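Please read the structure below before turning to the comments.
Since this is a predicted model, take the numbers as computed values, not measurements.
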Amino acid sequence: MRLLLLPFFLLLTACADLATVGQAPEFSPLEPNREHHALYNVPIPEVTDRRRRVDTASLWSSGQRSLLGDRRASRAGDILTVVIEIDDRAEILNSSARGRSGSQSMGVPQLLGLPQSLDGRLPEGASMANAVSVDSDSSFQGSGSVSRNERLTLRVATTIIERLPNGVVRIEGSQEVRVNHELRELIVTGYIRPEDISRRNEIPYDRIAGARISYGGRGQITQMQQPRYGQQILDIMLPL
């Protein structure tokens with residue numbers, strides 16, 4: 001029954017691909033998601049400050065939107081910029097070798113005359129003089145190498161999704177750019193400390209705990225760079 005349903009599912013997949021012929025890939029919807037929820041819901045202040053009448057008469061204010069206020073993101077719904085500058089290089093070369101050899105022998109030339117009496121009953125050429133003889137030899141050799149070079153420079157605006165009890169905030173952001181029929185996607189999520197945010201309201205990617213950075217795309221060029229679904233299924237199912 002499952003084998004009969006397989007062509008049906010493959011046909012549905014092909015129909016879904018045919019529906020996008022001649023059309024550019026669609027953008028992901030901005031709502032509803034966690035960023036949309038954080039932007040539209042004003043968080044309840046943890047501490048309520050009592051303001052006096054003279055506070056509103058002052059020319060200088062300590063609020064976040066004032067001239068001298070701290071404009072860094074700190075609450076749910078605030079926006080900050082993540083700077084991604086990855087330039088990693090790694091080269092690893094390992095080699096190992098191992099060898100072992102041994103030999104053992106045991107003979108019973110005199111054991112109450114039993115070897116001599118048994119030699120007459122054994123086939124011609126057989127003898128009990130050297131009853132046991134064991135030789136062993138083993139060797140192993142292996143080598144491996146890794147060479148990697150990655151470079152990526154990006155900037156993306158993210159939104160504070162929530163603030164944890166210990167003061168750490170969770171950020172999440174996405175960016176999509178469509179050029180002709182190719183869509184480039186960038187997704188960043190993780191946890192940061194508000195004190196790590198610079199005065200320019202920016203934070204480098206290496207200050208993000210549990211960072212998840214995804215850089216990819218959708219479109220005609222991306223489709224040509226991977227095997228078709230049918231070929232991928234056959235590669236999994238076929239034994240060779």
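The shortest side-chain heavy-atom distance between Glu176 and Leu183 falls under the 4.5 Å cut-off. The shortest side-chain heavy-atom distance between Ile84 and Tyr215 does not fall under the 4.5 Å cut-off.
With values rounded to the nearest 0.5 angstrom, Ile171 atom CD1 is found 8.0 Å from Ile160 atom CD1.
Every residue two or more places apart in sequence or in another chain was checked for a salt bridge (charged side-chain N to carboxylate O under 4.0 Å, His left out) with Glu85, and none qualifies. A search for side-chain contact (heavy atoms from CB on, under 4.5 Å) contacts involving Leu93 returns Ser145, not counting sequence neighbours.
In this structure, Arg163 contributes its side chain and Ala76 its backbone to no donor-acceptor pair below 3.5 Å. Put simply, the side chain of Arg72 gets close to the backbone of Ile197: a donor and an acceptor are under 3.5 Å apart.
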Side-chain atoms of residues 148-158: list all donor-acceptor pairs with protein atoms under 3.5 Å, sequence neighbours left out, distances to 0.1 Å.
unit_1 : atom_1 : unit_2 : atom_2 : d
Arg155 : NH2    : Glu202 : OE2    : 2.3
Thr158 : OG1    : Leu80  : O      : 3.2

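Annotation for Glu195: atom CD counts as buried by contact number, over 12 foreign heavy atoms lying within 6.0 Å.
Follow the hydrophobic side-chain contacts under 4.5 Å out from Ile192 and you reach Tyr205 in the same cluster. Note on Ile86 and Ile203: same hydrophobic cluster, where clusters join Ile, Leu, Val, Met, Phe, Trp and Tyr whose side-chain heavy atoms are under 4.5 Å apart, directly or indirectly. Residues Ile213 and Ile208 share a single hydrophobic cluster, defined by chaining ILVMFWY side chains whose heavy atoms lie under 4.5 Å apart.
Among Ile187, Leu186, Val188, the single residue meeting the side-chain contact (heavy atoms from CB on, under 4.5 Å) criterion with Gln175 is Leu186.
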Thr81/Asn201 under side chain to side chain contact (heavy atoms under 4.5 Å, CB included): CA gap, chis, key distance, verdict: CA-CA 6 Å; Thr81 301; Asn201 200 32; 5.7 Å; no
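The shortest heavy-atom contact between Asp78 and Ala73 is CB-CB, 3.5 Å. Among all heavy-atom pairs drawn from Glu91 and Ser147, the shortest one is CG-OG, 4.2 Å.
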